[in-house]
Protein chains: 2
Amino acid sequence: MPDAQTKSTIQVIDRMMSLIDALVRHPGPANLKQLAVETGLHPSTAHRILAVMVDNRLVDRIEPGTYRLGIRLLELGNLVRFRLNVRQEALPFMQRLHEALHETVNLSVRQGDEVVYVERVDSSAHMMRVVQTVGTRAPLHATAVGKVFLAEDGADAANAYAQRAGLNRLTEHTLADIAVLGSELGQVRLQGYAMDREEAEKGVSCIGAGIRDDDGRLVAGLSVSAPSDRLDPAWAARVRETAEQISRAMGYVPRA
Amino acid sequence: MPDAQTKSTIQVIDRMMSLIDALVRHPGPANLKQLAVETGLHPSTAHRILAVMVDNRLVDRIEPGTYRLGIRLLELGNLVRFRLNVRQEALPFMQRLHEALHETVNLSVRQGDEVVYVERVDSSAHMMRVVQTVGTRAPLHATAVGKVFLAEDGADAANAYAQRAGLNRLTEHTLADIAVLGSELGQVRLQGYAMDREEAEKGVSCIGAGIRDDDGRLVAGLSVSAPSDRLDPAWAARVRETAEQISRAMGYVPRA
DNA sequence: GGGATCGTTTCATAATATAAAATCGGCCCG
DNA sequence: CGGGCCGATTTTATATTATGAAACGATCCC
C-alpha cells in the first residue's frame with residue numbers, strides 16, 4: 001500500500017486495492033459489510049468499487065453481497081508466470097552481487113544428475129580466471145548448487161543418486177562417501193546454502209543457494225565462486241539473501 | 001471492458017484495466033507512448049495511472065518509461081488458483097445441466113487406472129435410478145470419462161494401461177480388444193467427448209467430456225448418464241459445452 | 001548547440017467519485 | 001401476516017479528485 005506522503009496516488013485505485021487486500025485476507029467469500037468495515041470505506045462506496053471489479057472479473061460476486069477474488073486475476077497471473085524467465089529476472093541481482101563481492105556469480109539449473117550453468121557475471125579483468133562457462137555441466141554432488149538440489153530431495157533421493165550416478169572424485173576434496181555427503185546435505189538443509197570447498201576444481205571454492213518459483217519449487221541456484229584463498233564464508237548470507245530476492249522476483253511468497 | 005450504457009463504471013478503474021489489457025497484448029515490455037496511444041489516454045494520465053499501479057506492484061517499471069505486468073498479479077493469481085475447487089466450481093453448472101436434461105450428472109477425477117466419482121446431481125424422483133454414487137470407482141476403459149483421460153495420454157499410454165490393468169469386461173459391451181479401444185480413443189480425440197454404451201453397466205449409457213484447469217491440464221470429467229433408451233446422443237454438444245464452461249471457471253483460457 | 005521526441009511534473013478546473021439518504025430485499029419473530 | 005431489523009443497492013447533490021494542457025527534464029541525433 002503506498003504511503004500517502006511519499007508515493008503518487010489515485011484515491012480510487014488505492015481504495016480498490018485495499019478491497020482486494022481485504023479479500024486476500026479472507027480465505028472464503030466475504031460480505032459487503034465486512035469489506036466496508038475492514039477498508040474503512042462507506043458501504044455504498046465499497047459497493048460501487050466492487051461492482052466495477054465484478055464487471056472486470058477481478059472480483060466474483062458469488063451471491064448478492066458476497067464476494068471473492070475473481071478469475072481474471074488467475075488469467076493475468078498465468079500471463080505473468082508464462083512471461084517470467086529466471087535468467088532474465090536473476091541478471092540484475094547477479095550484477096549487483098558481482099559489484100559487491102568482485103567475484104564470479106553463476107546461475108545454474110538442474111538437468112537430471114547434473115547442474116548446467118545458464119548465466120554468469122564476472123570481470124574478465126580478474127587476475128585468476130575461474131574457468132566455468134555458460135553451458136557447461138557438473139555432477140550434483142561436486143557443486144554447491146548441486147548439493148542444494150540434493151538437499152531439497154531428501155535422504156532417500158540422495159542415496160538413489162549416489163547409487164545411480166556414482167560419487168566420482170573430481171578432486172581430492174570431492175565428497176565420495178555417501179555418509180559424509182548425507183551429513184553435508186543435512187547441514188545444507190539447516191543453513192540454507194551449500195559450499196563447494198575445491199570439490200569440483202582444485203583451488204576454486206564456491207557458495208550456492210536455491211532460487212524458488214511462485215509455487216515454491218526449487219528451479220535454479222545462484223552461486224559465487226572464487227579462488228579458495230579469496231573466498232570469504234561470510235558471503236554466504238549475501239548469497240542466500242540475493243537468491244531469496246530473485247525468488248521473490250519470480251513470484252515466490254515465503255510462508256510462515 | 002464494461003459497456004458504458006449497461007454496467008456501472010468508475011472511469012479511472014476502467015482506464016486502469018484498459019492499460020492492463022494493453023500490457024496483456026504486448027508480449028514484451030511496452031513504453032508509455034505506445035500504451036497511451038493504444039488506450040486513447042493522454043500521456044500524463046497514462047503516466048499517473050501506471051505510476052500508481054507500479055506502487056501497487058500490478059505493473060513493473062523495468063526502466064523509465066517501459067512497463068510490463070507486475071508480480072502482484074502472479075501472487076493474486078496463485079491465491080485464486082489455490083482457492084479454486086473443481087467440485088465447487090462445477091456444481092452450479094451440473095445443476096443447470098441436470099435441469100436441462102433431467103438426467104444424472106456426474107463429476108469424476110482420475111486416480112491411477114480408475115475414475116472416481118466425486119459429485120453427482122440427480123433427481124431421486126426418477127423411476128429408474130442410476131446406481132452410481134459419490135466415492136465409487138470404475139476402470140478407465142469402461143467409462144466415458146475414463147476414455148477421455150485415456151485419449152488425452154496418447155496411444156502408447158493407452159496400450160500400457162491395457163497391459164497393466166487389463167481390459168476386463170464389466171458387460172458384454174465393454175471394449176475388451178486393444179485395437180477396438182484404440183480406434184475408439186482416436187474418435188474421442190476428434191470429437192472432444194466420449195460415450196459409454198452400456199460398457200460399465202447393462203442398460204445404462206453415458207456421455208462424458210473433459211474439464212481443464214488454468215494450465216490446460218485435464219483435471220476432471222463431466223458426464224451425463226441415463227438408461228440407454230432415454231440417452232440422446234445429441235446431448236453430447238451440451239455436455240462438451242458445459243465441461244468447457246466449467247474449465248473457464250477454473251481459469252482455463254483456450255488457445256488458438 | 002539546437003531540434004526532436006519521449007517521459008515526467010505542475011496546477012487550474014472540468015469532471016467524477018463520494019456518501020448521505022432513500023429504497024429494496026430478506027429474514028425472523030410475535 | 002405484519003412489523004422490525006439489518007444488509008444490500010440505488011439515487012443524486014456536491015465536495016473532492018482526476019484530468020490534461022503546459023512546462024520542464026532527459027536523451028538522442030544531426
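Per chain, numbering begins at 1; letters A, B, ... match sequence-line order.
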- Query: Would you say A:His47 reaches D:dT9's phosphate, i.e. side-chain N/O to OP1/OP2 under 4.0 Å?
  - Reply: yes
- Which residues, if any, of residues 62-71 of chain A bring a heavy atom under 4.0 Å of DNA chain D? A:Pro64, A:Gly65, A:Tyr67
- Query: Just how far, in rounded Å, is C1' of C:dT18 from CG of A:Leu19?
  - Reply: 14 Å
- Query: Counting N and O atoms only, with roles assigned by atom type, does the side chain of A:Asp232 sit under 3.5 Å from a partner on the main chain of A:Ala234, one being a donor and the other an acceptor?
  - Reply: yes
- Message: Nearest to the side chain of A:His42, heavy atoms from C-beta on, is which of D:dT19, C:dA20, C:dG7?
- Response: C:dA20
- Write down the distance between CZ (A:Arg48) and C1' (D:dT12), rounded to a whole number of angstrom. 11 Å
- Rounded distance in Å - CD1 (B:Ile49) to C1' (C:dT8): 15 Å
- Identify which nucleotide among D:dG20, D:dT9, D:dT19 has an atom closest to any side-chain atom of A:Leu32, counting heavy atoms from C-beta outward. D:dT9
- Message: Evaluate A:Arg72 against A:Asp55 for salt bridge (Lys or Arg N to Asp or Glu O under 4.0 Å), listing each step before the verdict.
- Response: CA-CA 11 Å; A:Arg72 184 85 178 120; A:Asp55 290 342; over 6 Å; no
- Write down the distance between CE (B:Met16) and P (C:dA17), rounded to a whole number of angstrom. 13 Å
- Message: Nearest whole Å is fine: how far is C:dT18 C1' from B:Ile13 CD1?
- Response: 13 Å
- Under 3.5 Å donor-acceptor, B:Asn85 side chain and B:Arg87 backbone: yes
- Where each residue is assigned the nucleotide of DNA chain D containing its nearest heavy atom, which of A:Gln11 and A:Lys33 is assigned the position nearer the 5′ end? A:Lys33
- CG of B:Leu41 versus C1' of C:dC6: gap in Å, rounded? 17 Å
- Query: Can you check whether A:Thr45 has a side-chain N or O nearer than 4.0 Å to OP1 or OP2 of C:dA19?
  - Reply: yes
- Query: Between the axis at one end of the helix from C:dG1-D:dC30 to C:dG30-D:dC1 and the axis at the other (five pairs apiece), what's the angle to 10 degrees?
  - Reply: 30°
- Under the 6.0 Å and 45° cation-pi test, does A:Arg248 pair with A:Tyr252? no
- Item | Length of the CG-C1' vector between B:Asn31 and C:dT8, whole Å | 14 Å
- Quick one: the side chain of A:Ser44 and the base of C:dA20, do they pair up donor-acceptor inside 3.5 Å? yes
- Message: Strictly below 4.0 Å: does A:Arg15 bring a side-chain N or O up to OP1 or OP2 of C:dT18?
- Response: yes
- Could you state the atom-to-atom distance from CG of B:Leu35 to P of C:dG7 in whole Å? 9 Å
- Check whether the side chains of A:Tyr67 and A:Arg61 place a donor and an acceptor atom closer than 3.5 Å, and report yes or no. yes
